[in-house]
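Note that these values count all heavy atoms, side chains included, but never hydrogens, waters or copies made by symmetry.
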Amino acid sequence: MAHVRKTTQSRKTAHKKTSASRKPARKSPKRWSQRVTRQSDALDLKQGVFKLESPKKIATSLKRSAEHSSRRKAGAYRSALSMLTFYINRAGKTLPKTQRARLEKAKVELKRAFGRE
């Protein structure tokens, strides 16, 4: 014999929350990675450093920024390299191949500038 369950409310309305009890969805800030590159706690970067044409100039600028920063927690080389890697990773697939190649060469130049080769 099958047991039939009796309910006073329909299932749809029994678990429905009222709109007054819902919290508004928090909107995530747009372009947080852009803010990190501009206002990093580790480095004060020269504006447009990643858009420079020469990998050597990019590496030199990053080295200068890292060495002059008093807020970085790691060494100068590590801070400069991590900022460069962060920029490459956050740009993702939207980064043009020519610029990606230039930034990858800048990593090599950064190693040379710090004598880590």
Open item on the list: Under the ring pair (Phe, Tyr, Trp, His ring centres under 6.0 Å) definition, can you give me all pairs with a residue in residues 89-110, not counting sequence neighbours?
Closed with: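 Listed by first then second residue: nothing to list.
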Task: Summary of ring pair (Phe, Tyr, Trp, His ring centres under 6.0 Å) pairs that have at least one residue in residues 93-117, sequence neighbours excluded - done: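 Those involving residues 93-117 are Y77-F114.
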Open item on the list: Could you work out, with side chain to side chain contact (heavy atoms under 4.5 Å, CB included) as the rule, every residue matching T85, not counting sequence neighbours?
Closed with: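 For T85, the residues satisfying side chain to side chain contact (heavy atoms under 4.5 Å, CB included) (neighbours in sequence not counted) are L81, N89, K107.
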- [ ] Taking side chain to side chain contact (heavy atoms under 4.5 Å, CB included) as the test, write out the residues that go with A74, two or more places apart.
- [x]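 R78, S79.
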[X] and [Y]: which non-hydrogen atoms are nearest, and at how many Å?
X: E104; Y: I88; value: OE2-CD1, 3.8 Å
X: L45; Y: M83; value: CD1-CG, 3.7 Å
X: I58; Y: A106; value: CG2-CB, 3.9 Å
X: A66; Y: A80; value: CB-CB, 4.0 Å

- [ ] First locate atom NZ of K63, then atom NE2 of H68, and finally report the distance between them rounded to the nearest 0.5 Å.
- [x]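 The NZ atom of K63 sits 10.5 Å away from the NE2 atom of H68.
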Task: Side-chain donor/acceptor of S65 to backbone N/O of S61, under 3.5 Å - done: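 Judged by distance alone, yes, a pair lies under 3.5 Å.
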Using residues 48-55 as the side-chain source, report each donor-acceptor pair under 3.5 Å to any protein atom, sequence neighbours left out, with the distance given to one decimal.
residue: S54; atom: OG; partner: K56; partner atom: N; Å: 3.2
residue: S54; atom: OG; partner: K57; partner atom: N; Å: 3.4

Task: R112: partners by side-chain hydrogen bond (donor to acceptor under 3.5 Å, both in side chains), with sequence neighbours left out - done: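 Only E109, E117 meet the side-chain hydrogen bond (donor to acceptor under 3.5 Å, both in side chains) criterion with R112.
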